[in-house]
There are 2 protein chains.
Amino acid sequence: MVSGSDRVSAGKVHAPQILEGERPTLKTIAYLTGLGVTTVSRALKDAPDIGAETKERVRLVARQLGYQPNRAGVRLRTGKTNVIALVLGMDAEIMSMTGRMVYGISDVLTGTPYHLVVTPHMNSADPMVPVRYIAETGSADGVILSRTEPDDARIRFLAERNIPFVTHGRTEMEFIHPYHDFDNEAFAYQAVERLAARGRKRIAILRPPTQLTYSGHTMTGFHRGLKAFALEEVPLDWISVETPAAGQKDAIESLMRSPDAPDGLICCSGSSAIAAAAGIASAGKRIGREVDMAAKEAAGVLPWFQPEIIAMNEDFTSAGRELARALLARIAGSDPATLQSIDMSTWTDEM
Amino acid sequence: MVSGSDRVSAGKVHAPQILEGERPTLKTIAYLTGLGVTTVSRALKDAPDIGAETKERVRLVARQLGYQPNRAGVRLRTGKTNVIALVLGMDAEIMSMTGRMVYGISDVLTGTPYHLVVTPHMNSADPMVPVRYIAETGSADGVILSRTEPDDARIRFLAERNIPFVTHGRTEMEFIHPYHDFDNEAFAYQAVERLAARGRKRIAILRPPTQLTYSGHTMTGFHRGLKAFALEEVPLDWISVETPAAGQKDAIESLMRSPDAPDGLICCSGSSAIAAAAGIASAGKRIGREVDMAAKEAAGVLPWFQPEIIAMNEDFTSAGRELARALLARIAGSDPATLQSIDMSTWTDEM
DNA sequence: CGATAAATCTGTAACGTTACAGTTCCAAAG
DNA sequence: CTTTGGAACTGTAACGTTACAGATTTATCG
């Protein structure tokens with residue numbers, strides 16, 4: 001009943017010259033279907049008070065015109081930006097993972113209305129700047145943060161203002177928030193395990209910067225491993241994976257030359273592993289002979305570089321996917337407690 | 001004359017409850033200054049028909065409130081998005097440079113109203129998709145493209161629609177457009193030169209994928225070098241720097257084992273250099289002894305990896321800066337002919 | 001038969017901004 | 001004294017969308 005197609009009522013849309021060249025809007029569809037703009041809007045949203053046949057008709061025309069909602073219009077009216085902000089602290093290590101992470105995030109965002117805006121900030125500058133900007137200008141619906149600290153001012157800030165976010169890395173804060181993390185504790189433990197299996201006794205670890213949460217996790221796993229396999233720690237806490245490569249090499253070289261040199265080394269990043277390997281070589285030792293090395297990396301080059309290194313891969317593409325998924329769910333209102341995940345290690349020799 | 005401060009005329013702004021909590025808008029400033037919204041807008045744009053004193057007053061209030069124009073409002077009214085789109089074809093090599101390039105671009109965009117939106121697209125899919133999307137939805141004021149081909153459909157498309165863009169890499173198309181490129185011809189020539197200086201005679205090159213413009217440049221430089229130094233080419237055209245690493249390694253290994261093995265190898269990417277080095281080692285040869293290798297990389301790890309490799313660094317951070325600068329200038333209306341630049345090589349041994 | 005409800009559809013206003021076409025005031029010119 | 005003109009300011013409308021409060025039509029009930 002009521003075909004509706006002849007219900008072209010009074011002065012709906014005044015200008016029929018809408019049709020030329022320009023991008024189609026709701027108005028265009030309204031004119032073409034003889035419906036009101038509101039009806040078209042609601043039809044495309046599948047609202048319950050619009051007739052089934054009408055919805056079908058509207059959808060058809062919209063598809064044919066290639067209609068895409070105007071982002072500025074939606075944003076102005078609703079405040080919804082359809083933007084995800086990726087906030088990056090820009091150090092050497094992050095540079096190598098950024099591409100992969102962006103890829104993973106985009107992969108999930110494809111087919112959603114979301115765009116990815118990348119907001120790096122210089123390491124020296126105040127890390128609150130980008131986060132404050134996003135909050136003040138409402139320029140994103142959600143934020144992805146990296147380089148998480150146990151008590152992280154950025155996270156406190158976002159949580160207070162109820163701005164959806166996910167962190168790459170955990171915190172030790174009093175509230176629950178979505179995160180994705182790599183199981184660095186397991187990595188360090190398993191690294192010790194592997195060195196023990198090769199008969200190594202005295203282990204040093206080239207650790208992440210202490211202020212980051214995952215540094216603590218790493219050390220926990222390391223110490224747990226040492227205890228479990230009754231190995232000894234050789235201290236190496238005056239450098240980190242973010243010390244300039246030359247510094248890392250020199251430190252490892254002199255460590256390897258010393259009488260208390262370790263016979264096993266764990267490296268928490270690919271570039272560190274390479275610098276350390278150079279240091280070991282300079283000290284006249286060989287990986288797989290006098291020393292063994294276990295390392296984690298993003299690029300997958302270590303095995304090519306030196307197959308004796310016991311290597312594992314941290315998959316930043318999958319991390320990006322996981323982060324994006326969690327953030328979208330958070331924006332949609334999911335319980336943060338259900339949006340926490342941890343990646344497990346896969347060692348290259350097990351693949 | 002006319003202090004203006006007591007000219008609070010009739011019904012300007014109806015709602016004084018503007019002041020609470022919410023983000024300040026032109027309306028807020030209008031209310032606070034007793035001016036009209038239009039006047040405030042024009043004052044902030046430094047329009048010529050606004051009094052000097054008024055401008056000063058408006059700017060003061062705006063600064064104090066931390067006023068930032070609403071992007072959606074501006075975009076809806078003017079069509080200006082204040083967005084730069086970075087379109088990335090996602091292959092392994094691009095992943096390693098993305099971080100650096102994003103960093104360089106952001107560096108230039110800081111302090112401008114521009115945001116950076118990253119739009120990767122899967123390699124297999126149609127490369128026109130992202131570009132068409134940007135054009136159809138008007139979602140960016142300008143586009144940065146990588147992986148340029150000599151006759152590039154994306155570039156033709158953008159040029160036709162008059163959408164500002166810059167390319168990372170040149171084309172061979174009939175019109176002038178902004179670009180930034182690395183001088184791959186000089187790189188290849190100088191690589192040959194360096195191998196010649198070490199007494200190498202038979203050179204192979206692990207080249208970029210043939211469809212990309214810079215592959216041609218590279219080969220031109222390579223052949224020019226061979227001629228200049230009277231060296232011989234050993235063909236290696238069944239693999240490229242984008243062949244999976246295992247394939248590259250195997251190809252290099254068997255090439256090195258063959259009776260016509262080259263004594264010099266040029267690698268056009270860091271990951272290729274590492275795979276090739278592994279192949280050389282498997283064939284029982286040593287870099288710096290039986291063979292020499294010259295390579296270009298982004299990460300700066302090659303010298304650590306194996307100091308015998310003659311390495312140079314392609315600086316993607318500076319490329320990002322250059323691309324952003326050129327694009328902003330293009331958007332502002334500069335002549336494309338003035339927005340073309342080429343980066344020169346710096347070899348690690350010269351630094 | 002009138003009243004009430006349910007199902008569809010609609011116009012108006014508003015989000016924040018700017019282009020445009022005024023308006024107001026005052027000084028200088030005729 | 002009127003006219004002209006310029007300087008400084010202003011209101012209205014529009015960009016595309018959606019929330020809201022109706023309006024219209026048809027079916028159902030007493």
Side-chain angles (χ1 to χ4, degrees), chain A residues 1-15 18 22-31 33-45 47-55 57-58 62 67-82 113 137-138, chain B residues 1-5 7-15 18 22-31 33-45 47-58 62 67-82 113 137-138:
Chain A
M1 32 209 94
V2 183
S3 94
S5 55
D6 50 3
R7 212 194 291 168
V8 182
S9 42
K12 293 256 172 60
V13 172
H14 303 290
I18 297 171
E22 294 312 299
R23 231 184 117 183
T25 68
L26 291 179
K27 213 154 133 190
T28 321
I29 303 178
Y31 177 73
T33 54
L35 294 164
V37 173
T38 301
T39 311
V40 173
S41 169
R42 308 211 29 124
L44 289 172
K45 303 208 124 50
D49 64 347
I50 304 293
E53 202 216 351
T54 304
K55 283 183 190 170
R57 214 152 50 85
V58 168
Y67 169 76
Q68 306 229 206
N70 180 302
R71 311 192 116 230
V74 176
R75 180 162 171 180
L76 186 55
R77 179 65 240 243
T78 65
K80 183 128 208 285
T81 63
N82 284 310
T137 62
Chain B
M1 36 197 96
V2 184
S3 96
S5 54
R7 212 195 290 169
V8 182
S9 41
K12 292 257 172 62
V13 170
H14 304 289
I18 297 172
E22 295 309 301
R23 232 185 116 184
T25 68
L26 290 179
K27 213 152 131 191
T28 320
I29 303 178
Y31 177 73
T33 53
L35 294 164
V37 173
T38 302
T39 312
V40 173
S41 169
R42 309 216 38 156
L44 289 172
K45 304 208 123 50
D49 63 347
I50 305 294
E53 202 217 351
T54 304
K55 284 184 192 170
E56 212 34 76
R57 216 151 49 87
V58 168
Y67 169 74
Q68 305 229 207
N70 180 303
R71 310 192 117 232
V74 175
R75 180 163 171 179
L76 186 56
R77 179 66 240 246
T78 64
K80 183 127 208 285
T81 64
N82 284 310
T137 62

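Letters A, B, ... mirror the listed sequences (proteins, then strands); counts begin at 1.
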Subject >> Integer-rounded Å distance: C:dA19 P and B:Leu44 CG >> reply: 13 Å
Original post:
Taking only N and O in the side chain of B:Ser41, is any of them less than 4.0 Å away from OP1 or OP2 of C:dT17?
Top reply: no
**OP:** Using only side-chain N and O atoms of A:Thr25, determine if any of them is under 4.0 Å from OP1 or OP2 of D:dC15.
**Re:** no
**OP:** Take the protein atom CG of A:Leu35 and the nucleotide atom P of C:dC9, then report the distance between them rounded to whole Å.
**Re:** 7 Å
Original post:
Quick one: A:Leu26 CG to C:dC15 P, roughly how many Å, whole number?
Top reply: 19 Å
Original post:
So, for B:Val37 and B:Lys27, which heavy atoms are closest and what is the spacing to 0.1 Å?
Top reply: CG2-CA, 4.2 Å
**OP:** Look at the side chain of A:Asn70 and the base of D:dC15, then say whether one donor and one acceptor between them are separated by less than 3.5 Å.
**Re:** no
Original post:
Can you find a donor-acceptor N/O pair under 3.5 angstrom joining the side chain of A:Arg77 to the base of D:dT17?
Top reply: no
**OP:** Determine the minimum heavy-atom distance between A:Tyr67 and A:Leu26, stating which atoms define it.
**Re:** OH-CD2, 3.4 Å
Original post:
Rounded to the Å, how far apart are B:Asn82 CG and C:dT18 P?
Top reply: 11 Å
Original post:
Could you state the OH-P distance from A:Tyr67 to D:dG16, rounded to the nearest angstrom?
Top reply: 10 Å
Original post:
To the nearest Å, how far apart are B:Ile29 CD1 and C:dG16 P?
Top reply: 12 Å
**OP:** Using a 4.0 Å heavy-atom cut-off across all strands, classify A:Thr39 as base, sugar-phosphate, or nothing.
**Re:** base
Original post:
Can you tell me if the side-chain N/O atoms of A:Thr38 get under 4.0 Å from OP1 or OP2 in C:dG11?
Top reply: no
Subject >> Interatomic distance, B:Lys27 NZ vs C:dT18 P [rounded to whole Å] >> reply: 15 Å
**OP:** Map B:Leu76 and B:Gly51 onto DNA chain D by nearest heavy atom, then report which one ends up closer to the 5' terminus.
**Re:** B:Gly51
